[in-house]
Number of protein chains: 2
Amino acid sequence: MSKCEQCIVREFSSLKALNKDELIKLSDCKTSKIIKKGENIFEEGENVNGIFCIKDGVCKLTKLSPNGKDHIVKLVSKGELLGQRSMISDEPANLSAVALEDMQVCFIPKNEILGFFDKNNQFSMNVMKTICGDLKSADEHMVNMAQKSVKERLAETLVYLHETFGTNTDSTLKIQLSRDELASMIGTATESCIRLLSDFNKLGLIELVGKKIVLKDINKLKKIAD
Amino acid sequence: MSKCEQCIVREFSSLKALNKDELIKLSDCKTSKIIKKGENIFEEGENVNGIFCIKDGVCKLTKLSPNGKDHIVKLVSKGELLGQRSMISDEPANLSAVALEDMQVCFIPKNEILGFFDKNNQFSMNVMKTICGDLKSADEHMVNMAQKSVKERLAETLVYLHETFGTNTDSTLKIQLSRDELASMIGTATESCIRLLSDFNKLGLIELVGKKIVLKDINKLKKIAD
DNA sequence: TAAAAACAATGATATTTATCATATAAATGT
DNA sequence: ACATTTATATGATAAATATCATTGTTTTTA
């Protein structure tokens with residue numbers, strides 16, 4: 001089993017505050033998993049009892065709305081942690097985590113993490129700052145949902161996907177969401193999302209290469225997004 | 001100056017974890033303020049440098065959206081704390097806090113709070129749980145904004161105001177928002193909000209008493225809200 | 001107390017968005 | 001390789017929502 005010391009997650013997440021001893025303890029208690037595209041890491045309402053380190057891949061965090069549709073709240077990728085909020089609140093997961101590509105994750109039991117929490121101040125501070133960052137962006141996101149049009153939200157989301165996940169060599173967006181997923185990220189009907197993509201395509205703002213998307217005029221998209 | 005020991009905020013907030021000595025330190029460093037209806041406690045972008053205890057009154061937390069409209073993210077009232085996220089993130093305020101009624105608040109400087117943070121584990125845990133709760137409800141709120149209709153959001157908000165803030169003796173909602181504020185809470189145009197209130201009135205779900213609102217059929221409103 | 005300002009209400013209309021229907025293209029299973 | 005399912009696309013239409021205009025009603029201020 002691989003050591004945690006060189007792991008990308010340790011490098012980029014709250015775990016960077018852990019010392020050698022703590023990392024060894026971590027290596028001993030962790031379990032690794034492969035999650036295939038489309039599979040759940042955990043589901044809304046489930047007792048998670050620990051946190052997940054994402055060693056590779058990207059997943060979506062979704063929440064079921066009362067009308068039965070899933071809404072994508074956030075995308076989380078390589079190097080990040082999952083399940084911190086549930087662990088601290090000592091509550092079941094509020095969101096489901098579903099792999100958008102094949103993933104490699106490690107699971108660390110709650111007890112272990114809570115131990116670090118008590119003894120390593122920098123670590124708990126890091127976790128708190130992460131959650132505070134999540135809260136800030138959730139508030140911003142909420143205002144966007146409430147105040148912006150679907151067109152603005154689509155433009156904004158395309159730019160976000162471009163800037164956060166980058167592009168392939170053919171300059172298509174690296175992260176590949178279905179139209180349905182894109183719609184559930186911006187909070188609209190799938191057909192409306194497809195129609196707006198067509199519009200953007202006709203306006204030369206983007207190009208549709210099969211199911212993939214190329215951003216042709218990021219500045220104009222940013223302008224539309226506000 | 002009044003002591004913190006008997007303060008309502010201490011009783012209901014994270015501060016309940018503080019011991020006698022810590023409360024005495026708190027009493028010594030705090031400053032009290034009266035905030036009149038409509039005045040800011042702090043403004044988006046401002047460096048807050050501490051937290052506020054709400055001894056009395058209710059305020060709205062608003063965020064300016066790029067289109068120039070304010071969106072009400074949350075209402076915060078007597079017994080709660082303000083500014084925890086900014087303090088932990090060590091960032092300027094992400095939201096503005098504006099009094100909806102005359103308020104009594106105390107300000108506690110950051111240094112003092114961070115001191116408790118280091119030494120009193122229960123206190124920092126309480127703060128974290130509060131922020132985690134905020135994150136959870138922000139995510140839920142976001143999904144509501146994205147997936148529910150304006151009518152559903154209005155019904156939900158009216159029930160929320162009723163259940164959270166209660167009613168006056170004439171059974172009008174105790175917390176009094178203008179139509180404009182109500183609209184900016186549910187994320188719609190003021191006229192749309194007014195129109196839907198008229199509809200609800202005609203359907204006998206609510207009664208409009210001047211600018212005040214009485215909920216006549218909470219169960220039906222809950223059904224509409226989903 | 002009168003004038004001005006802010007707020008609430010409603011009609012008319014335009015725009016945005018959702019829904020339903022259908023067609024085509026791509027992916028999947030056998 | 002072909003049938004079946006799933007995803008994308010687009011038209012037609014309905015429903016939801018925003019915008020602009022106008023009026024009446026409070027509230028504030030001079």
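Here is the naming used below: chain letters follow the sequence lines, and residue numbers restart at 1 for every chain.
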> Taking for each residue the nucleotide of DNA chain C with the nearest heavy atom, is it A:K69 or B:R179 whose nucleotide lies nearer the 5' end?
Replying inline: B:R179
>> Please determine whether a side-chain nitrogen of the Lys or Arg among A:D90 and A:K110 lies less than 4.0 Å from a carboxylate oxygen of the Asp or Glu.
In response: yes
> So which of residues 217-226 of chain A are in contact with DNA chain C, with a heavy-atom cut-off of under 4.0 Å?
Replying inline: none
N/O to N/O distances under 3.5 Å, protein versus nucleotides 25-30 of chain C:
none

> Around atom NZ of A:K55, are there more than 12 heavy atoms of other residues, nucleotides or ligands at under 6.0 Å?
Replying inline: yes
> Below 4.5 Å, heavy atoms only, C-beta onward: do B:L75 and B:M185 meet side chain to side chain?
Replying inline: yes
> With nearest nucleotides of DNA chain D determined for A:D180 and A:A146 from heavy-atom distances, which residue corresponds to the more 5′ nucleotide?
Replying inline: A:D180
> Expressed in angstrom and rounded to an integer, what is the separation of A:L197 atom CG from C:dT17 atom P?
Replying inline: 14 Å
>> Going by side-chain hydrogen bond (donor to acceptor under 3.5 Å, both in side chains), name the residues that satisfy it together with B:E80, two or more places apart in sequence or in a different chain.
In response: none
> Pairs in or reaching into residues 213-226 of chain B: which pass side chain to side chain donor-acceptor pair (under 3.5 Å), with residues at least two apart or in two chains?
Replying inline: B:E163-B:K222, B:E207-B:K216
>> Students should find this one: the first and last nucleotides of DNA chain D, 5' to 3', lying under 4.0 Å from a heavy atom of chain A. What are they?
In response: D:dA7 to D:dA12
>> Rounded to whole Å, please give me the gap between NZ in B:K148 and P in C:dA18.
In response: 16 Å
>> Between A:S137 and A:G133 (side chain of the first, backbone of the second, donor and acceptor by atom type, cut-off under 3.5 Å), is there such a pair?
In response: yes
> What pairs of residues pass the ring-ring contact (aromatic ring centres under 6.0 Å, His included) test when at least one of them lies in residues 52-99 of chain A, not counting sequence neighbours?
Replying inline: A:F42-A:F52, A:F52-A:F107
> Pairs in or reaching into residues 91-105 of chain A: which pass salt bridge (Lys or Arg N to Asp or Glu O under 4.0 Å), with residues at least two apart or in two chains?
Replying inline: A:R85-A:E91, A:E91-B:K136
> Rounded to whole angstrom units, what separation is found between the CD atom of B:Q176 and the C1' atom of C:dC7?
Replying inline: 12 Å
> Mind checking what makes salt bridge (Lys or Arg N to Asp or Glu O under 4.0 Å) contact with B:K211, not counting sequence neighbours?
Replying inline: none
> In whole angstrom, what separates B:L208's CG from C:dT10's P?
Replying inline: 9 Å
> In residues 184-195 of chain A, which residues come under 4.0 Å of DNA chain C by heavy atom?
Replying inline: A:T188, A:A189, A:E191, A:S192, A:R195
Would you give me the side-chain donor-acceptor pairs under 3.5 Å for residues 153-162 of chain A, sequence neighbours excluded?
unit_1, atom_1, unit_2, atom_2, d
A:R153, NE, A:I186, O, 2.9
A:R153, NH1, A:K148, O, 3.0
A:R153, NH2, A:I186, O, 2.6
A:R153, NH2, A:G187, O, 2.8
A:E156, OE1, A:N144, ND2, 3.2
A:E156, OE2, A:N144, ND2, 3.2
A:E156, OE2, A:K148, NZ, 3.2
A:T157, OG1, A:R153, O, 2.8

>> Once ring-ring contact (aromatic ring centres under 6.0 Å, His included) is applied, what residue pairs with a partner in residues 79-98 of chain B remain, sequence neighbours excluded?
In response: none
> Under 3.5 Å, is there a donor-acceptor pair linking the side chains of A:K16 and A:N126?
Replying inline: no
> Quick one: salt bridge (Lys or Arg N to Asp or Glu O under 4.0 Å) partners of B:D180, sequence neighbours excluded?
Replying inline: none
